[in-house]
Amino acid sequence: MSERTTAIAYEVVIGLEIHVQLLTDSKMFCECATAFGAPPNTQTCPVCLGLPGALPVINRKAVELGLRTAVALGCRVHGTSQFHRKNYYYPDLPKNYQITQYEYKIHPPLGTKGSLELTADTSPRRIGIRRVHLEEDTGKLVHVEQHGQILHSLIDFNRSGVPLMEVVTEPDLRSPEQARLFLGRLRSLLQAIGVSSGRMEEGSLRCDANVSLRRPGAELGIRTEVKNMNSLRSVERALAFEAQRQEQLLDRGQPVGQETRHWDERRGVTFSSRTKEEAQDYRYFPEPDLVPIAVGKQWIDEVRASLPELPDARRQRYASAYRLSPYDAGLVTSSMPLAIFFEATVGHYPQAKTVANWLAGDVAAYLNAEGLEIEETALTPNHLAELLRLVDAGTISIRTAKEILPEMLRTGASAEQLVADRGLAQISDTAAVGSVIDRIIAEHPGPASDFHGGKTQALTFLVGQVMKKTRGRANPELVNRLLREKLQS
Ligand code: ADP
Ligand code: MG
Ligand code: ZN
């Protein structure tokens, strides 16, 4: 190869840190409620306000949910697992330390060295899970602003001490798209095992993304950490922007700075937060107020036995039971709500492959374009089934179905209603009438050849058959014209 390089090809390297609010009723180390949306500072006590002398007690349910995750991700679960203090000062952290877990060999986090398989339309890829650990959330700062200036800040400690789980991947992801797919699969898994609601827009699942570039095969490059994405699509967009920004720097021979950057959803850019994150010394040390978590083999076995069908198994089952392509099976199991939607639709309309095609095709395209999840749309399984039946019955063409689907997703309108209101039934649908005519001609070769032989009554008979087939809904003039054209062609 010549030295005169064209654009240098870089490999994108991504590792994710995912924070998950666990579905517990009470906080990590006290009895306070975790319910979202209560008036500020009404769900607090001396423990989560960090008052001197208050002692934490570990929430068993939170440990169990962490354990479910660790087991489902195939992690090595450690018999004893220790909490640590991560010391730093910030107004939303009343104790001036966060109780968390750290990656010490002698005091390991709950689970380490797991993996999750990623099946995109490409070949399967195993994404390493570095660790699963438990910690507590901080309080929430509310900045009161005027003309873009912060006047003062308020603190709501309702979130202080809410159980959090952190899942950290190895830097095994190789594109922004893979990062989105991975996060979708992880979210689907967490929903399936009852650990998280998975609602990114409510902050119950938050993803920080580390990204760097390197020449293929070279050492890992310097990474930036991107925060503040609140949907799967933003994660992909933010990473794509960040990879491109780094590429431009490297192409100009400039270094990438190791820093934390924030994603601006509206402008579609990442920006450097003013306070540049320095290498901090958190002075981690074992939490002296808590005994280590002891997880015996029996508990692990119980958890393993209680896990429901996981998304990967579901994907394989769909692929074989419904004869779906790996891509379609992966898509309809990409989130729990979508999988449930798929099965419910198949309950109303048994041609699973057609259902999967629509979900993986037009429905997925709509969701992508709007940045929505299926459960955020107004479409119901019943209505989708109805739409597909209308196509089968020849009442509307596939094209018409594709045209009204977005409205069904947006408003929850029923297909039949839309077709009736807009006169979309075959009256105005040449393609659908045409396909019925084709069938009638095929079914009645006699009259068709009679017509060729000059018997015009044969045409009247065929028109009658088309009208019968369409239960009178076809426009007779259109039927006449199309029949003549088809018979003469
Ligand atoms: P820290 O705890 O300081 O954030 P870690 O080394 O634990 O750093 O890594 C955090 C995350 O960053 C992990 O998901 C890891 O896979 C990812 N990561 C580490 N180095 C890189 C890199 N050079 N490029 C992309 N991601 C990286
Ligand atoms: Mg980090
Ligand atoms: Zn409390």
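Just so you know, ligand 1 is whichever comes first in the structure, and atom 1 is the first atom listed for that ligand. Computed from a predicted structure; not experimentally measured.
Taking distance alone, with nitrogen or oxygen atoms compared against 3.5 Å, V211 stays at or beyond that limit from ligand 1. Ligand 1 has an N or O atom lying under 3.5 Å from an N or O atom of R223, backbone or side chain. Of the polar atoms of P171, at least one N or O is found under 3.5 Å from an N or O of ligand 1, judged by distance alone. Considering backbone and side-chain atoms together, R131 places no N or O closer than 3.5 Å to any N or O of ligand 1.
With ligand atoms numbered from 1 in the order given, ligand 1 contributes 13 (C), 14 (O), 15 (C), 16 (O) to contacts under 4.0 Å with heavy atoms of T169. Atoms of ligand 1 found under 4.0 Å from any heavy atom of G221 (numbered from 1 in listed order, with element): 23 (N). Atoms of ligand 1 lying under 4.0 Å from any heavy atom of L16, numbered from 1 in the order shown and given with element: 14 (O). Close approach of ligand 1 to L220 (heavy-atom distance below 4.0 Å) involves ligand atoms 23 (N). Each of the atoms 24 (N), 25 (C) of ligand 1 lies under 4.0 Å from some heavy atom of V13. Residue contact check: G15 has heavy atoms under 4.0 Å from atoms 14 (O), 16 (O), 17 (C), 26 (N) of ligand 1.
Within the 4.0 Å heavy-atom criterion, the part of V168 lying near ligand 1 is the side chain and not the backbone. Contacts of I222 with ligand 1, taken as heavy-atom pairs under 4.0 Å, are absent altogether.
T138 is not listed as a side-chain neighbour of Y90, based on a closest heavy-atom distance of 4.5 Å or more. Two residues are said to be in side-chain contact when any heavy atoms from C-beta on lie closer than 4.5 Å; I18 and L183 meet this criterion.
Taking the ring centroids of Y282 and Y97, they lie at or beyond the 6.0 Å cut-off. A ring-centre distance under 6.0 Å is found for F83 and F29.
A heavy-atom separation below 4.0 Å is found between R130 and ligand 1.
Nearest-residue assignment for atom 17 (C) of ligand 1 (options L213, I129, N210; heavy-atom criterion): N210.
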